[in-house]
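First up is the structure itself, then whatever we jot down about it.
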2 protein chains.
Amino acid sequence: MAKAKTPHRTGYHHGNLRDTLIDAAIQLVEEGGPDNVSVREAAKRAGVSPGAPFRHFQSKTALLTAVAEQAMNRLTEAVANALSEVDSADPIVAFEAIGQGYLEWAIGNPTHFQIISSRTLIDFDASDSLRGQNEAIRRKMIDLLTQAQRQGQLAANADFDHLVLAARAFVYGLARMVVDGHFPEWHPSEPPSLAVRKALHLFISGMTNLSEARSQEPLPPLSSGRLDRNGQFT
Amino acid sequence: MAKAKTPHRTGYHHGNLRDTLIDAAIQLVEEGGPDNVSVREAAKRAGVSPGAPFRHFQSKTALLTAVAEQAMNRLTEAVANALSEVDSADPIVAFEAIGQGYLEWAIGNPTHFQIISSRTLIDFDASDSLRGQNEAIRRKMIDLLTQAQRQGQLAANADFDHLVLAARAFVYGLARMVVDGHFPEWHPSEPPSLAVRKALHLFISGMTNLSEARSQEPLPPLSSGRLDRNGQFT
DNA sequence: TCCCATTTGTAATCACTGCTTACATCCCCT
DNA sequence: AGGGGATGTAAGCAGTGATTACAAATGGGA
């Protein structure tokens, strides 16, 4: 946990308000999702006036960004943990483990997942930490695919950029479906944690068996009509 | 558009406030996303007092649900349109077209996509229309996969449930990545509309070339440690 | 040791939100 | 013609993020 070493409130001054506010915000997030966080309530829980937090955070967004950074640390940790438990030299197995670790964390921490995935609740671009950890995961994925290619598990002309994009989109989509509550409509018959593992395994299987022939076929044309901003074809 | 046939305001009564409010809400959504919608502002634009909308919508959620129903109509239309333009008997081509139509609509109408995908802004379960149209698309996907199987394009023991789940997750994930603004981090080199098409094609290729052997391998084990609600392994 | 600038808190206030209640007005049906 | 139900208004509640002027505590230099 975000150890807030509070040196006892001395009366007027709090002592460690910044960290205490982050902890309060985390608590609020866990109780009722990102929308349950209000600066006032965080201040109240820290035993402080409603205006005090703004000495430490320029805005509510800044507070939630601090929460996101902690959440991202834990996600990175979970992924690293999943990787370290792989007892195989097969890079594809490791690749799948990343996805599995990501999904387990997202499903186990849905509200934190929502926060790090949002670009309206937090200021992602302003955080070196958030951008850096995200990029680290992406690099690891590319590394593993490169290894797989060297070992002949991927076609020599495999399209890494789109492969990584596809893998990320797939895992992100699964996580969001669970978190957004879309599972009842799309897969009611099984607990999400299990269905997600099976789907992931299916995806990895498909990825490694891409025949060069079909994947090199020309793309189907765009729909002839263009979409206007109301979704109508014109 | 949601033709609000307004029979002239007679002075006190509005005449067609319900539809007018929906239109105003749509306008607000298009201007600044779902968060830009406020009941008061919709009322103001309809030229009516702040309390009036509550005669027609029990809550803000109910108003947004009405917006979602209109958006869903257009999504269904876009998908149907994409399907009708397929000039091939290959069910896999049609399957890809559904994904392509979905993605084009989502990218072209990001805020409407956000609304129909949310389960907090709207009351999805309470709307027969929303549930029905969603289910119709899912059925169509299963139909096409069934045809593909009959024609030998999918393994005889193909796992339809998880295949449809995977396809849906993949397309949903791509759409959300675009809409949520994750593309700069994951695929900065290309316009999303193009990258998305390529990734989709890659996914479809992988799906149809699933070797039975690998996809029937046992699942890798769950991470040995369990995740607590803070994302820590215990 | 004292002093004062800096840091960190308070109090009051603003504009905005969703929503409710009591009351006014108008339309339509008998 | 008139009354009942539908639809609007006015006023107001509690809660929000954020800003401002002011007060208190802290700690480093003389």
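We name chains A, B, ... by the order of the sequence lines, and we start the count at 1 in each one. Please read these numbers as outputs of a predicted model, since none were measured by experiment.
- Closest to the side chain of V48(A), out of dG9(C), dT7(D), dT9(D), is dG9(C).
- The CZ-P distance, from F54(B) to dG12(D), rounds to 18 Å in whole Å.
- At the heavy-atom level, S38(B) lies under 4.0 Å from the strands shown only through sugar-phosphate atoms.
- One can place CG of L21(B) at 12 Å from P of dT7(D), the figure rounded to the nearest angstrom.
- Each of K60(B) and R55(A) lies near DNA chain C, and the nucleotide nearest R55(A) is the one positioned closer to the 5' end.
- Remark: E135(B) engages R138(B) in a salt bridge, criterion side-chain N to carboxylate O under 4.0 Å.
- In this structure, E96(B) does not pair ionically with R197(B), as no charged nitrogen and carboxylate oxygen lie closer than 4.0 Å.
- The side chain of S59(A) lies closest to dA18(D) when the candidates are dT8(C), dA18(D), dT10(C).
- For R40(A), taking side-chain heavy atoms from C-beta onward, the closest of the listed nucleotides dT10(C), dG18(C), dG17(D) is dG17(D).
- For E31(A) and R45(A), the salt-bridge test passes: some basic side-chain N is under 4.0 Å from an acidic carboxylate O.
- Aromatic rings of H162(A) and H187(B) (six-membered ring for Trp) have centroids within the 6.0 Å cut-off, being under it.
- If you measure from atom CZ of F57(B) to atom P of dT20(C), you get 15 Å, rounded to the nearest angstrom.
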